[in-house]
Amino acid sequence: MDISVKEIEHIANLSRITLTVDEKKTFAKQLTNILDYIEKLNELDTDEVQPMAYATSLKNVFREDKLKSSFSRQEILELSPSSTNGFFKVPKVIE
Amino acid sequence: MLSHELSANQIKEKIIKREITAQEIVEELFEWINLKEPLIKAYLCLDKEGALLKAKEVDKKLDNGEKVGLLAGVPVALKDNICTVGIKTTCASKILENFIPPYDAFVVKRIKEEDAIIIGKANLDEFAMGSSNENSAFHITRNPWNTDCIPGGSGGGPAAAVTADMAFMALGSDTGGSVRQPSAFCGNVGCKPTYGRVSRYGLVAFASSLDQIGSVTKDVYDAALLLQVVSGHDGFDSTSATVGVPDYLSDINNVDGNLRIGVPKEFFGEGLNSEVGSAVMNALEIYKRNGAELVDLSLPHCGYAVATYYIIATAEASSNLARYDGVRYGHRSQLSEDNIIDMYSRVRAEGFGSEVKRRILFGNYVLSAGFYEAYYLKASKVRNLIKNDFEDAFKKVDCIISPTCPTPAFRIGEKITDPLQMYLSDIYTIPANLVGIPGISIPCGFTNTGLPIGMQILGKHFDEGKILKVAKLFENETDFHLKKPNLIEPEPKKGIDI
């Protein structure tokens with residue numbers, strides 16, 4: 001199955017990545033190749049097979065509901081490329 | 001033999017016996033790094049100041065007759081996707097170029113507690129996505145055995161640093177072979193423990209159901225030593241196993257009972273380089289001479305492992321990497337945006353390299369409406385079939401031996417324009433990640449052109465002790481692990497090229 005430039009534009013939007021015209025063309029071609037390769041999975045009948053998400057048998061791992069110390073607001077905000085008055089600063093979200 | 005050529009355990013013994021101080025080791029090591037790093041480029045960042053400080057602390061403890069840790073005075077390199085408080089952790093990505101974590105990864109905390117000395121952060125493919133190190137946003141690390149060749153990936157930096165004696169040991173991460181494949185290409189010992197054996201807290205997430213921290217060392221004993229230190233339960237990683245950690249060191253030389261080694265035909269078929277194949281066959285003969293029984297096996301679904309992996313790994317990556325938004329940390333575009341979606345999209349376009357973009361796009365494609373069942377669900381089912389193959393095999397054998405990679409190290413630039421060919425270089429390492437079992441790559445020979453060949457030993461879940469012993473048996477019989485590359489710049493060509 002071919003992945004078109006239009007489909008690349010759609011998933012680039014879902015992925016929140018701006019692509020150049022050249023990137024769109026290259027990725028469409030490369031992802032089509034990879035998709036062709038993974039089509040080989042259809043050789044297998046998996047109707048009766050359970051899916052496996054994790055290689056571990058752990059389920060519902062809880063911790064005690066206890067307050068623990070964490071990072072200070074200051075420490076975390078210092079990592080931000082843009083902050084003001086104790087908040088992260090971003091472009092306007094709501095019109 | 002110069003100090004930096006010794007193994008981690010040998011240098012530790014010398015420090016404890018006071019034959020050399022930790023400070024002297026660090027000084028000597030940095031002199032060597034200054035000489036050889038321009039040729040190999042294994043590191044993204046070095047911390048001589050921090051290393052000397054820790055060395056003095058270890059020496060002082062010894063002066064005062066205090067107890068020292070299991071890694072006393074051993075200089076260690078860390079792959080740069082493992083968080084270190086106060087030291088940049090970039091994942092070899094522009095998006096994290098200036099990120100300084102406010103906390104240490106679990107493994108970093110553990111090695112510090114055992115008095116290891118962190119000397120620097122080693123290079124990788126961006127976000128550990130790649131098999132050659134060529135996807136680093138900063139520079140390409142070179143293979144110490146032939147600087148025209150790649151060191152492997154994604155952990156090419158840690159592997160090249162250990163091979164070039166620019167670190168005594170290193171920690172990396174293995175999602176599809178990123179510890180084992182570069183170790184095979186660089187001729188050292190790379191161990192990926194069972195999923196959950198070592199806490200992933202502080203390892204920058206790539207594909208969470210596959211990621212595992214592993215070790216790169218000069219010999220098998222050092223692998224056991226480092227695994228001993230970093231294994232164990234950690235409440236900060238909910239997938240961390242509660243299974244007890246055995247003593248890996250005390251009887252590493254005793255392979256108990258009659259060893260049954262599985263030889264899977266799918267790992268010796270089409271696409272396998274003949275020199276690699278015969279080196280592994282010769283190794284199997286050595287096991288046979290030492291009383292092991294070789295059992296022919298089939299793992300019929302392993303041929304589907306790469307396809308399965310590239311659906312699951314990219315799907316998980318597309319989700320894990322959604323956090324890089326330019327808001328809380330990392331790169332923010334200098335172009336002003338009046339819309340937050342445009343801001344995210346610009347930050348990610350500028351911050352990610354092409355392989356990372358490719359995988360995020362592919363991951364979102366296979367998860368997107370209408371395709372989920374055909375791809376992600378299908379892959380999850382095939383993953384289960386692969387797991388069943390291994391469960392059946394381990395009813396018959398104690399471990400499985402195969403080549404680590406189908407070829408020796410390839411040349412820089414050889415596969416970079418063909419992503420699929422690059423992915424296929426992990427064909428023998430990927431199944432262990434899908435199934436969650438431990439694997440170790442050890443040197444088992446050299447090609448005619450002098451490139452190392454790696455052999456992979458796979459074991460049952462939480463059976464690290466067994467595969468370490470099996471690896472040690474081979475190491476005791478051979479000297480491949482002691483060979484050193486000749487780190488001399490190639491002579492400039494003389495005369496006139498015609």
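Just so it is clear: chains get the letters A, B, ... in the order the sequence lines come, proteins before strands, and each one is counted from 1.
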Kindly indicate whether the side chain of [X], heavy atoms from C-beta on, has any atom under 4.5 Å from the side chain of [Y].
| X | Y | value |
| --- | --- | --- |
| B:I340 | A:R16 | no |
| B:H301 | A:L44 | yes |
| A:L79 | B:P102 | yes |
| A:F71 | B:Y103 | yes |
| B:Y329 | A:I76 | no |
| B:Y304 | A:E43 | yes |

Report which part of [X] has an atom under 4.5 Å of a heavy atom belonging to chain A: side chain, backbone, both, or neither.
| X | answer |
| --- | --- |
| B:S240 | backbone |
| B:I312 | neither |
| B:I386 | neither |
| B:Y324 | neither |
| B:T417 | backbone |
| B:V327 | both |

So which heavy atom on [X] is nearest to which on [Y], and how close?
| X | Y | answer |
| --- | --- | --- |
| A:V90 | B:R332 | CG1-NH2, 4.1 Å |
| A:L31 | B:F362 | CD2-CD1, 3.9 Å |
| A:A55 | B:G436 | CB-CA, 3.6 Å |

When only pairs under 4.5 Å are counted, which of [options] shares the most heavy-atom pairs with chain B?
| options | result |
| --- | --- |
| A:I3, A:N13, A:I8 | A:I3 |
| A:S82, A:S83, A:S15, A:A53 | A:S15 |
| A:N33, A:L41, A:I11 | A:L41 |
| A:I34, A:L14, A:T56, A:V93 | A:I34 |
| A:L19, A:N42, A:L35 | A:L35 |

Let's test your reading of the structure: which of [options] forms the most heavy-atom pairs below 4.5 Å with chain A?
| options | value |
| --- | --- |
| B:F99, B:F352, B:Y376, B:Y375 | B:Y375 |
| B:P419, B:S368, B:S345 | B:S345 |
| B:R346, B:R348, B:E316 | B:R348 |
| B:Y344, B:Y365, B:Y195 | B:Y365 |
| B:N98, B:I311, B:D325 | B:I311 |
| B:I100, B:L210, B:V306 | B:V306 |

Checklist entry - side-chain contact (heavy atoms from CB on, under 4.5 Å) between A:F62 and B:S238: does it pass, once the steps are laid out? => result CA-CA 8 Å; A:F62 297 114; B:S238 60; over 6 Å; no
Item to check | B:R323 atom CZ, over 12 foreign heavy atoms within 6.0 Å | outcome: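 Yes, the 6.0 Å shell around CZ holds more than 12 heavy atoms from other groups.
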Checklist entry - Above 12 or not: heavy atoms from other molecules or residues under 6.0 Å from NZ of A:K24? => result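 For A:K24, atom NZ is crowded (more than 12 foreign heavy atoms under 6.0 Å).
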Chain B heavy atoms under 4.5 Å from [X]: which part of the residue, side chain, backbone, both or neither?
| X | answer |
| --- | --- |
| A:E78 | neither |
| A:N60 | neither |
| A:Q50 | both |

Checklist entry - Counting only N and O atoms by type, is there a donor-acceptor contact under 3.5 Å from the side chain of A:K40 to the main-chain atoms of B:G303? => result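 Yes, because the side chain of A:K40 sits within donor-acceptor range (under 3.5 Å) of the backbone of B:G303.
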Item to check | Side-chain donor or acceptor of A:T46 paired with backbone N/O of B:K381 under 3.5 Å | outcome: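 Between the backbone of B:K381 and the side chain of A:T46 there is no qualifying donor-acceptor contact (under 3.5 Å).
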Checklist entry - side chain to side chain contact (heavy atoms under 4.5 Å, CB included) with B:P438: which residues, sequence neighbours excluded? => result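 Applying side chain to side chain contact (heavy atoms under 4.5 Å, CB included) to B:P438 gives B:T194, B:E464, B:I467.
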Item to check | Cation over ring face, B:K357 and A:F27, 6.0 Å, 45° | outcome: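 No; the conditions do not both hold, so B:K357 does not lie above the ring face of A:F27.
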